Amino acid sequence: MTLNNKFLLNDGTTLPHIALGTIDLQGGKGFHQALAALDVGYRVLDTATNYNNEGMVGEVVRRSSIPREQLYVSAKLPGLAHKYDKAIALIQESLYRTGLDYFDKFLIHWPNPKEGLYVEAWKALVDAQKYGLIKTIGVSNFLPEHLDNIIEATDVTPATNQIEHHPYFNNKELVQENDKRGILSEAWSPFGREINDVLTNDTIKEIAEKYDRSPAQVIINWDNQNHVFPVVRSADPKHQYENFHYTDFELAQEDLDKIDALDKGEAGRVEGQNPNEYEEFV
């Protein structure tokens, strides 16, 4: 496994090697934190309706000196808008909130399979792409059966599937299923959020010392070498810089294997959010 400096999607789009997750970045403070990330080199901004910061993200894009065509704004459809008409309206509303003419990427946030409307939501994304509202369409937290259902219904395969993926829950089978379908896996919360100790794990620290890198850089590198696109949230300019500059080394296979071995299975999920059970309606 080697490092990817860019990720090629099945629709021909290329993504830079990392995205900035913007959850909890809000208002004026969040604006300056996200703008600082663009100065570091980030070009992908990942937001969602329930992050309550779409306006801030749009303002960052407008006030940045970086040309619009060099930036990628990725947003998400919440569970409350899976019905076709609601989905189309919410995509339009999200664009109004950001003040943008189009989204570079738009995902269904959760499948909510008990409601059974995710196929309808996917049809809305397919049409929104045709209307020019979205350039690349994808999903988030979809399992293989969810993927197959939307592909069978539309003959359109998602470009990306943003999933839980970190050393304590590597979700390897789902990454492989995504790969099999030509779908790029994205990792949300690749450090496992604050509720676990992945950044201070002894194995991760030992590997970091071996390469003279930070634990965060080791984990993001592990993502990349497993062909997983990392979406990393950081408000600290120092950490933003550190997280972005991880592409000048490669982990040996033995170290990749050591990180894989940290997997705890279902017990490793950060909040027990199994996509067949968890439902989001905000």
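A quick note: this is a predicted structure, and the numbers were derived from the prediction, not measured.
Asp236 and Gln240 are not linked by any side-chain donor-acceptor pair at a separation below 3.5 angstrom, with hydrogens and angles left out of the test. Judged purely by distance below 3.5 Å, without hydrogens or angles, the side chains of Asp255 and Tyr211 pair a donor atom with an acceptor atom. No side-chain donor-acceptor contact under 3.5 Å links Thr47 and Glu54. Residues Thr136 and Lys105 have side chains that never bring a donor and an acceptor to within less than 3.5 angstrom of each other. For the residue pair Asn224/Tyr246, the side-chain donor-acceptor check at 3.5 Å is satisfied. For the residue pair Tyr84/Asp127, the side-chain donor-acceptor check at 3.5 Å is satisfied. Judged purely by distance below 3.5 Å, without hydrogens or angles, the side chains of Trp122 and Thr154 pair a donor atom with an acceptor atom. In this model, no donor atom of one side chain and acceptor atom of the other lie less than 3.5 Å apart for Asn4 and Gln225. Between Asp223 and His165, the side chains place a donor N or O and an acceptor N or O closer than 3.5 Å (distance only, hydrogens not considered).
With a 6.0 Å cutoff to the six-membered ring centre and a 45° limit on the axis angle, Arg269 does not count as a cation-pi contact of Tyr168. At least one test fails for Lys76 against the ring of Phe106: distance under 6.0 Å to the centre or angle within 45° of the axis.
In the hydrophobic clustering of this structure, Ile163 does not group with Val270; members are Ile, Leu, Val, Met, Phe, Trp, Tyr whose side-chain heavy atoms approach within less than 4.5 Å, directly or through other members. In this structure, Tyr131 is a member of the same hydrophobic cluster as Leu95, with clusters built from ILVMFWY side-chain heavy atoms closer than 4.5 Å.
Judged by distance alone, the side chain of Gln26 and the main-chain N or O of Tyr51 form a donor-acceptor pair under 3.5 Å. Remark: the backbone N or O of Asn141 is paired with a side-chain donor or acceptor of Asn161 at under 3.5 angstrom. Asn53 places a side-chain N or O within 3.5 Å of a backbone atom of Thr22 that can act as its donor or acceptor partner.
Between Phe142 and His146, the ring-plane angle classifies as perpendicular under the 30° and 60° cut-offs.
Rounding to the nearest 0.5 Å places CG of Leu77 at 10.0 Å from NE2 of His109.
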